[in-house]
Amino acid sequence: MEENAASKNFIEEFIEQDIAELGLTHIRTRFPPEPNGYLHIGHAKALFIDFSMAERFGGTCNLRYDDTNPAKEDVEYVEAIENDIRWLGFKWDKLCYGSDYFDQCFDLAVKLIKKGLAYVDDLTKDEVREYRGTLTEPGRNSPYRERSVEENLDLFCRMRDGEFEDGARTLRAKIDMASSNINMRDPAIYRIRHFTHHHTGDMWCIYPMYDFAHPIQDAIEGVTHSLCSLEYEAHRPLYDWVTEHCEFDPRPRQIEFARLNLTNTVMSKRYLRRLVEEGYVAGWDDPRMPTLCGLRRRGYTPEAIKDFLARAGIAKADSVVDTAMLEHCLREDLNVRAHRMIAVLDPLRLVVENMQELEFHEVELGNLPDQPEAGTRKVRFGRELFIEREDFAIDPPKKYFRLKPHGEVRLKGAYIIKCTRYETDEQGNVTTVYCTYDPETRSGESDRKVKGTLHWLSAADAIPAEFRLYEPLLLDEQEGEERDFIERLNPDSFKSLRGYVEPALAQANPGDRFQFIRMGYFCADLEHTAQRPVFNRAVGLKDSYKPGAIDN
RNA sequence: UGGGGUGUCGCCAAGCGGCUAAGGCCCCGGAUUUUGAUUCCGGUAUCCGCAGGUUCGAAUCCUGCCACCCCAGCCA
C-alpha cells in the first residue's frame, strides 16, 4: 500500500504546530459518541480520525460516552458501540463516561457562580428564546441575570436537590447577550431533568449541557486535541470560554472537520431511525443500512472501510463521496483473499447429451487465482447441470460471449460445450438447454480457446441457497425541489433469489466471504446455516458488458 | 440578514508566490485472461467560484462580488 508521505491533512499540521510551539509530549484524542443509536460509517470517519491522529503522533485515544442527556440514551447502545469499534480494529486507551465527571462539572459550575460567571435563570423556555434575540438583533439580559452569588448558589444547590420541576430553572453562563455569535448569548449550562440515567441512576436530577460538559471532560482526561465535526465550529468560542474560566491548564484544543456523506445514502440518526421504526428496513443491521452492523452483515471488511476513509480524505469542505469509492475498496480487499466459489443465482437446466445418466467427471477448481497455496477443491461434472439463466440467449445481441443456439462456450474448469437445442414452455421461456461436451477440451489439457466462460453447477450435487441482492436504499436526488427522503426510497433495494451453491459452501459460517465467480462478492448471512444457506451480495463485480450498447 | 466556515476535473483531494495543476474513484481506449473480473499499459482540468488588482511570475497575496453549508434546543 503506497503512502503519500508528503501530504499532511490540516489536522496533522495543527498538531505538529502545537507540538512544536507548546512542547506537547503526549497527544491524546477521544471518540465521544452519545449512546443513543448505532454507529454508522460517518462515525467510522470520526473514529478513524481520532484514532489515527493519536497513533500518528504516538499518542492515545479514549472512548468516552457523551451521556449528558439521560432522556435520549440507553445501555443497549453502549454495548453495540464498543462491539463496532472493536470490529473496526481500534483500541481505545481508557473507557470513560462523561457522566463520571458530573461531580466535577457541578463543582466547576459552582466555581463559575462564585466568579460571577454563571447565574440561575427562572425564565421559561419560550421567554429565553424571546430574550435571545435573532441572528441580526442582539438579545436582552434576563431579569434574573444580576442575582447575587449567594442567591445563585442557594438556588443551584436546590436545583440539584430536586426542589424544582423540569424546566423551572436553568443555570446559564454569564457571557454576552449582544454577542454576534448566538452561542455566546448566555448559553444554558445546566438543566433540570428528573430522569433515571442509564449510568448514574437517580443520583442526579440536573444535567450539564454538552457545551459545558464536553470541554470539561476533555480537560480532565488530558485530551490535547478534541476533534469534532464542522457544526461545532461556532461553539468553539464557548468551548474555549469554559476551559479558560474553569482555569484548566493545559487546555485542550478543538479542531473541526467535515463529516462524511455518501451518495444515495442517508447518514443522520433521525432518518436511520425512521427507516428502522417505520419498517422500511429489517433493522439497524439490515445489510442496506450504512450502520457498521449493517455493513458488517452485508460483507464489508474493516480493512475496506478504513482504506475508504483514508482515501476519501480529511478536509473542511462539505462533500458527498461517491459510494462507488467504498465499493471499490471492498472489491480491492476481497479480490486478493475471498475464495472463488460457484453459485448459480437464477438456475437454468443444462443437459449434456453425450454423457450418461450416472457418469461424472471430477474436476479441480482453484480457490484463488494465481495463488496455488490457497488450495483447490474437487467438484463433479455430470450430465445434468445448472447455468445462470442470463447466460443463455435464443436471440443474443451482438458480442454476446455466452451460450446461444449452436454456440460454444467453456464451462469454467471443465470442458467446452456446444449448444445443440433448447426447450421452452408455452410462454416461450427456456426450460432446458441441451449441449454436447468435447472430451478433448478438459481444463488444462487443451489449447482450444472460445470466447466465453460460464460458471456452472452439477445438479446432482448443488445445494439450494437463498441469495439476497441489494441496491442503494435511496434513488438519486432529483433536480429542483427536495422531496421527503421517504419518497426517495428505492423500491427495488432488496431482492431475494433462490438458486444453488456448490457443496463446499454448506460448511460456511455466518460472516464468511466469497467471490461467487462472475456474480460478485457474497457474505454468509447471520441467518445462514448448513440446512438453509443464505448469502448476501456485498458488492457486484465490475462489469464492462453492456448488452444494450451500440457497437460500431 | 449578524456571526462562523467552504469553494481546484463528473466525485473525493493534494497544492502554502516560480519546472508543462499530484493521486484516488468514475469513465474511455488497448494488451493479457478458462471470471466480459483481476492485472497491465495509455487517455481525460491551457485551467483552479467570478471580476479586478499586486508581482518578472499567482490556484496560491490584496480588493470586491457570487454560491453553498452551520448557528436563534433547558439536543449532541
Side-chain angles (χ1 to χ4, degrees), chain A residues 2 4 6-9 13 32-34 36 66-69 71-73 121 123-125 128-129 132-139 166-172 179-185 187-193 206-207 209-211 213-214 228-237 256 258 263 269 308 310-329 331-332 335-336 340 342 369-370 399-402 409-416 441 443-444 446 448-455 515-520 540-546:
Chain A
E2 75 274 45
N4 195 351
S7 145
K8 296 182 191 103
N9 65 57
E13 289 181 347
E34 181 182 22
N36 69 345
D66 211 336
D67 56 352
T68 54
N69 186 354
K72 288 191 168 185
E73 300 149 7
D121 197 354
L123 254 27
T124 65
K125 204 177 212 168
V128 167
R129 188 182 308 121
R132 185 157 31 228
T134 67
L135 294 178
T136 50
E137 305 154 30
D166 285 10
R169 293 178 220 265
T170 57
L171 183 71
R172 294 228 259 164
S179 174
S180 52
N181 180 347
I182 287 199
N183 300 121
M184 298 297 271
R185 317 239 263 231
I189 57 178
Y190 256 99
R191 80 288 216 179
I192 302 170
R193 269 265 214 288
I206 57 171
Y207 293 93
M209 300 286 290
Y210 168 88
D211 281 321
H214 206 86
C228 61
S229 45
L230 246 27
E231 65 267 29
Y232 292 103
E233 219 160 8
H235 293 246
R236 194 184 337 134
E256 312 84 8
T263 54
K269 218 166 262 182
F308 164 72
R311 291 189 195 217
I314 302 169
K316 294 194 70 159
D318 293 318
S319 62
V320 183
V321 181
D322 197 328
T323 303
M325 180 123 80
L326 213 209
E327 295 177 336
H328 168 83
C329 292
R331 287 192 196 100
E332 191 173 86
N335 178 47
V336 295
R340 305 297 130 101
I342 294 181
D370 308 319
K399 292 193 176 175
Y400 185 78
F401 303 157
R402 285 109 105 133
V409 92
R410 163 148 238 129
L411 292 184
K412 175 85 179 174
Y415 303 91
I416 289 174
T441 58
S443 187
S446 162
R448 239 186 100 196
K449 305 280 185 202
V450 283
K451 191 61 185 170
T453 301
L454 309 185
H455 59 284
Q515 184 198 101
F516 289 162
I517 292 174
R518 302 207 308 135
M519 302 311 284
L541 259 23
K542 282 193 69 171
D543 186 4
S544 58
Y545 173 54
K546 298 172 194 67

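Chain letters run A, B, ... following the sequence lines, proteins first and then strands; every chain starts at 1. Keep in mind that the numbers below use all heavy atoms, side chains included, and drop hydrogens, waters and symmetry copies.
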Worksheet item: So what does A:Y232 touch, heavy atoms closer than 4.0 Å: a base, only the sugar-phosphate, or nothing?
Response: base

Item to complete: Kindly write out the residues that satisfy side-chain hydrogen bond (donor to acceptor under 3.5 Å, both in side chains) with A:N9, not counting sequence neighbours, or none if the list is empty.
Response: A:E12

Item to complete: Flag the pair A:E327 and A:K542 as a salt bridge only when some basic side-chain nitrogen lies within less than 4.0 angstrom of an acidic carboxylate oxygen.
Response: no

Response to the item:
Any strand, both distances under 3.5 Å, Watson-Crick or G-U wobble: B:C56 pairs with B:G18

Worksheet entry | Under 3.5 Å: donor-acceptor pair, side chain of A:R185, backbone of A:S179 | yes

Worksheet item: Under 4.0 angstrom, heavy atoms only, what part of the nucleic acid is A:L123 near: base, sugar-phosphate, or nothing?
Response: base

Practice prompt. Take atom C1' in B:A72 and the same atom in B:U1, then report the distance between them in whole Å.
Written response: 13 Å

Fill in: Step-by-step salt bridge (charged side-chain N to carboxylate O under 4.0 Å, His left out) determination, A:E34 to A:K72
CA-CA 9 Å; A:E34 181 182 22; A:K72 288 191 168 185; 5.6 Å; no

Can you name the atoms? Protein N/O to nucleotides 33-37 of chain B N/O, anything below 3.5 Å, with the distance.
from  : atom 1 : to     : atom 2 : distance (Å)
B:U34 : OP1    : A:K449 : NZ     : 2.8
B:U34 : O2'    : A:K412 : NZ     : 2.8
B:U34 : O2     : A:G413 : N      : 2.8
B:U34 : N3     : A:R410 : NE     : 3.0
B:U34 : N3     : A:S443 : OG     : 2.6
B:U34 : O4     : A:R410 : NH2    : 3.0
B:U34 : O4     : A:S443 : N      : 3.3
B:U34 : O4     : A:S443 : OG     : 2.5
B:U34 : O4     : A:G444 : N      : 2.5
B:U35 : O2     : A:Q515 : OE1    : 2.9
B:U35 : O2     : A:R518 : N      : 3.0
B:U35 : N3     : A:Q515 : OE1    : 2.6
B:U35 : O4     : A:R340 : NH1    : 2.2
B:G36 : O2'    : A:S544 : OG     : 2.4
B:G36 : N7     : A:R402 : NH1    : 2.5
B:G36 : O6     : A:F401 : N      : 3.1
B:G36 : N1     : A:K399 : O      : 2.8
B:G36 : N2     : A:K399 : O      : 3.3
B:A37 : OP1    : A:S544 : OG     : 2.8

Discussion item. Taking the nucleotide of RNA chain B with the nearest heavy atom to each, does A:D66 or A:D318 sit closer to the 5' end?
Written reply: A:D318

Worksheet item: Can a side chain N or O of A:T134 be found less than 4.0 Å away from OP1 or OP2 on B:U1?
Response: no

Discussion item. I'd like the P distance from B:C11 over to B:A45, given in whole Å.
Written reply: 15 Å

Discussion item. Regarding A:R193 and A:D166, does a basic nitrogen lie under 4.0 Å from an acidic carboxylate oxygen?
Written reply: no

Worksheet item: C1' atom, B:A58 versus B:G52: distance in rounded Å?
Response: 14 Å

Worksheet item: Base, sugar-phosphate, or nothing: which does A:S319 touch, judged by heavy atoms less than 4.0 Å apart?
Response: sugar-phosphate

Worksheet item: Within the structure shown, what part of the strands sits under 4.0 Å from A:E73 by heavy-atom distance: base, sugar-phosphate, or nothing?
Response: nothing

Discussion item. Going by side-chain contact (heavy atoms from CB on, under 4.5 Å), name the residues that satisfy it together with A:K269, two or more places apart in sequence or in a different chain.
Written reply: A:N36, A:H43

Worksheet item: NA contact type, A:I314, heavy-atom cut-off 4.0 Å: base, sugar-phosphate, or nothing?
Response: sugar-phosphate

Worksheet item: When all nucleic acid strands are considered with a 4.0 Å heavy-atom cut-off, which category describes A:T124: base, sugar-phosphate, or nothing?
Response: base

Discussion item. From CG of A:N183 over to C1' of B:A72, roughly how many Å is that when rounded to an integer?
Written reply: 9 Å

Discussion item. Suppose you measure atom C1' in B:C56 against the same atom in B:C50; what distance do you get, rounded to whole Å?
Written reply: 26 Å

Worksheet item: Does B:C70 have OP1 or OP2 sitting under 4.0 Å from an N or O in the side chain of A:R236?
Response: no

Response to the item:
Re B:C75: Watson-Crick or G-U wobble partner, both distances kept under 3.5 Å, found to be none

Practice prompt. Identify whether any heavy atom of A:H214 sits under 4.0 Å from a base atom; if not, whether one sits that close to sugar-phosphate; answer base, sugar-phosphate or nothing.
Written response: nothing

Fill in: B:G3 and B:U8, which share atom name C1', separated by this distance in whole Å
27 Å

Worksheet item: Across the strands shown, which category fits A:K72 at heavy-atom distances under 4.0 angstrom: base, sugar-phosphate, nothing?
Response: base

Practice prompt. Test for a donor-acceptor pair under 3.5 Å between the base of B:C70 and the side chain of A:E256, counting only N and O atoms.
Written response: no

Fill in: Who pairs with B:A51 - Watson-Crick or G-U, where each distance is under 3.5 Å
B:U63

Response to the item:
Pairing partner of B:C11, by Watson-Crick or G-U wobble and under 3.5 Å for both distances, is B:G24

Practice prompt. Respond yes when some side-chain nitrogen or oxygen of A:R185 is under 4.0 Å from OP1 or OP2 of B:C71, and no when none is.
Written response: no

Worksheet item: Between B:C27 atom P and A:H328 atom NE2, what is the distance in whole Å?
Response: 11 Å

Fill in: Minimal non-hydrogen separation, A:S446 against A:T441, with atom names
CB-CA, 3.6 Å

Worksheet item: A:M325 has an atom CE; how far is it from atom P of B:C27, in whole Å?
Response: 13 Å

Practice prompt. Quick one: label A:R169 by what it contacts on the DNA or RNA (base, sugar-phosphate, nothing), any heavy atom closer than 4.0 Å.
Written response: nothing

Worksheet item: Between A:D318 and A:L230, is any pair of side-chain heavy atoms under 4.5 Å apart?
Response: yes

Worksheet item: Is B:C68 paired to anything, Watson-Crick or G-U wobble with both distances less than 3.5 Å, and if yes, which nucleotide?
Response: B:G5

Worksheet item: A:M184 near the nucleic acid: base, sugar-phosphate alone, or nothing, with a heavy-atom cut-off under 4.0 Å?
Response: nothing

Response to the item:
In whole angstroms, the gap separating C1' of B:G23 from CD of A:E332 amounts to 13 Å

